[in-house]
Structure formats: structure tokens, C-alpha cells
Amino acid sequence: MTINGYTRVCGLIGNPVEHTKSPAIHNTLAAELGENLVYVPLRVPEGKLKEAVEGAWALNLLGLNVTVPYKSQVIPFLKEIDPLAEKIGAVNTLLRVEGGFKGYNTDMPGLLRAMGEDGVKLAGEKVLLLGAGGAARAVAMLLAGQGAESVIILNRTVEKAESLAEEVNRTAGRRLVRAAALEDCRSLPEGEKYLAIQTTNLGMFPRTEEAVIEDRDFYARIHTGYDLIFNPEKTRFMSLVEESGGRAFNGMKMLLYQGIIAYELWTGSEVDGVLAKKAYQTMRGEMAVRP
Ligand code: ATR
């Protein structure tokens with residue numbers, strides 16, 4: 001691709017941003033679709049988020065992704081916010097509009113698309129949600145919207161699980177979620193099998209030997225384990241699920257599809273299955289070079 005006067009620029013704001021795999025996704029899509037667009041990581045120092053967002057708009061950037069620690073902090077600096085992102089309370093994609101940026105959350109639609117491809121359904125499911133942080137909050141809202149039958153949030157700090165459960169129940173308008181401590185993983189209702197979604201950062205590279213729960217009896221209760229972590233490709237949580245006979249997936253496809261949905265928002269292009277696969281391979285290749 002030739003960079004010229006018509007090249008549109010998109011980027012990722014966060015701190016740090018050096019380990020991101022998103023350029024592999026977006027620059028592959030642009031190259032394959034023959035679109036004159038580049039995507040670059042842009043580290044934003046603490047305290048400079050407002051300037052970064054205003055500056056990006058002033059510099060005619062087409063769009064931005066937003067990562068840690070700015071996904072919620074960015075909201076006051078937006079011109080508009082999509083209702084889903086507002087409900088989740090986190091924005092990972094900005095689209096240029098008249099006079100500023102509009103904020104979206106493509107993480108949850110990305111997770112949904114990834115789960116669909118992996119044959120994991122949410123409607124009518126009994127779900128165990130491990131963790132009660134920002135990622136868990138987003139997943140819990142998704143579960144409420146997708147008609148999960150019940151959700152148990154297991155978290156080290158039970159008070160955080162309780163306040164999240166309360167908030168989601170309020171939004172859902174039903175008693176969908178209940179909170180539990182990690183130790184309660186040994187006293188789940190008899191006879192049920194669960195979909196477990198792992199949202200904590202335990203097990204993430206380089207501390208790959210960790211899992212939030214080690215209890216083998218707990219893993220025997222899981223028919224499917226979905227870990228939002230993508231590095232390593234197989235986390236300890238996933239191995240424990242598989243060793244107990246369940247199916248396990250990592251967060252790589254969620255990462256891919258949150259990117260694809262952002263790209264579609266920025267360009268109006270449609271990314272088909274063949275192209276998605278190509279972007280996935282490039283991203284995985286990047287991961288193998290630099291974990
Ligand atoms: P994110 O936005 O990625 O969800 P977060 O909001 O910092 O990150 O949430 C991290 C989650 O991982 C929390 O649920 C946290 O548990 P606490 O609420 O008890 O802090 C969980 N977590 C992190 N380190 C943990 C550890 N060593 N053991 C158990 N849970 C841990």
C-alpha cells in the first residue's frame with residue numbers, strides 16, 4: 001500500500017500499547033480490501049486522555065480503539081455514545097462524527113460473534129462468571145441481553161460480585177444473577193452443568209501456571225469453558241476444563257471480532273469469513289513472534 005495524501009488513519013489509544021496485536025488485524029483488512037487506511041498504536045500518557053481524543057479529532061483521524069486504562073475514562077470526552085456501550089459502561093471503539101467521536105463497545109458483540117462461530121450459545125444457559133471486574137461487568141450485561149437462564153458470579157472479593165449482581169439484575173429487570181465467593185465453587189447446586197466464562201487476568205502471560213480456581217470437582221461441573229485470555233493460547237483454566245471432559249476456548253476470536261466490527265464501523269465495509277480467517281492467521285502469527 002502507498003501512503004499518500006488520501007490515507008486515512010486509525011489507531012489504538014491506551015497505556016501501554018506496545019504489545020497490541022490490533023495493527024495486524026486492521027492493516028491486514030485494509031490491505032486485503034484495498035482500502036487506503038493505516039492503523040497505528042498511540043500511547044497516551046496518564047492525564048492526557050482529553051487532549052489525545054480532541055487532538056485525534058483535530059488531526060482528522062477516522063477512528064480509534066481504546067484499551068486499558070481508558071475504556072471508561074474516555075466516556076466524558078465523547079460527542080455521542082452508543083446505547084450498548086453506555087449500558088456496559090466501557091467504550092473500546094471511537095468513530096469520527098460531526099464535532100467529535102461517537103463511542104461504541106465492540107468487545108461484547110465481538111465475543112458474541114466468536115461464541116457463535118465456536119458453537120457456544122448463551123440463551124437458556126446456566127452460566128458461571130469468574131471475576132467481577134470491568135470485563136465481567138460487560139459479559140454479565142451481554143448475558144442479560146442474550147437470555148441466559150441464570151448466572152453465578154464467583155469472585156475473590158464477594159462484595160464486588162454482590163454489587164455487580166445487583167446492578168445487572170436491576171438492568172435486566174429480573175433475578176438473573178447471584179453472587180458467590182470463590183470457595184462456593186464447591187457447593188454449586190447438584191446435577192447442573194455450566195458454561196463458565198473466565199474474565200480475570202489470572203493465567204495470562206507470563207504467569208501462565210495460574211488459574212482462579214484449582215478445584216477439580218468444580219471443573220467436572222463445566223461443559224464449556226470460555227477464557228477471555230488469548231495469551232497463552234491454552235490457559236491453565238482451559239486445560240483444567242478439558243481434563244475434566246469439557247470443551248474450552250480462548251479469547252483470540254473475541255479479539256479478532258472486536259477488531260473486525262470496529263473496522264466495519266469505520267469503513268462501512270463488510271468482512272466475510274475468508275477475510276476474517278486471513279486476519280486471524282496474521283494475528284496468530286504475530287503472537288508467535290512476540291508473545
Ligand atoms: P478487568 O477490567 O480485566 O476485568 P479488573 O477490573 O481489574 O480487570 O478485574 C480483575 C478481576 O480479576 C477481579 O475480579 C479480581 O478479583 P477482585 O475483585 O477480588 O480483585 C480478579 N483477580 C485479580 N487477581 C486475582 C487473584 N490473584 N485471585 C483471584 N482473583 C483475582
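Side-chain atoms are counted along with the backbone in the values below, which use heavy atoms only and exclude waters and symmetry mates. Remember, it's 1-based here, ligands and their atoms both numbered in the order they're listed.
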Exercise. Side chains of L95 and Y104: closer than 4.5 Å at any heavy-atom pair?
Worked result: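 Result yes, sub-4.5 Å side-chain heavy-atom pair found.
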
Problem set entry | L128 vs I197 side-chain heavy atoms within contact, under 4.5 Å |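 With C-beta onward as the side chain, the pair stays apart.
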
Problem set entry | same_hphob_cluster(L84, M115) at 4.5 Å side-chain heavy-atom cutoff |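 Linked within one cluster.
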
For this session: First locate atom OG1 of T106, then atom OH of Y257, and finally report the distance between them rounded to the nearest 0.5 Å.
Result: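 Separation between the atoms: 13.0 Å.
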
Problem set entry | Result of checking T93, N105, N92 against Q258 for side chain to side chain donor-acceptor pair (under 3.5 Å) |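 The residue from T93, N105, N92 that satisfies side chain to side chain donor-acceptor pair (under 3.5 Å) with Q258 turns out to be N92.
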
For this session: Please identify each residue that fulfils side-chain hydrogen bond (donor to acceptor under 3.5 Å, both in side chains) with R284, with sequence neighbours left out.
Result: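 Applying side-chain hydrogen bond (donor to acceptor under 3.5 Å, both in side chains) to R284 gives E233.
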
Exercise. Considering only heavy atoms, which protein residues lie less than 4.0 Å from any atom of ligand 1?
Worked result: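 Within 4.0 Å of ligand 1, the protein residues are G131, A132, G133, G134, A135, N155, R156, T157, K160, T200, N201, L202, V212.
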
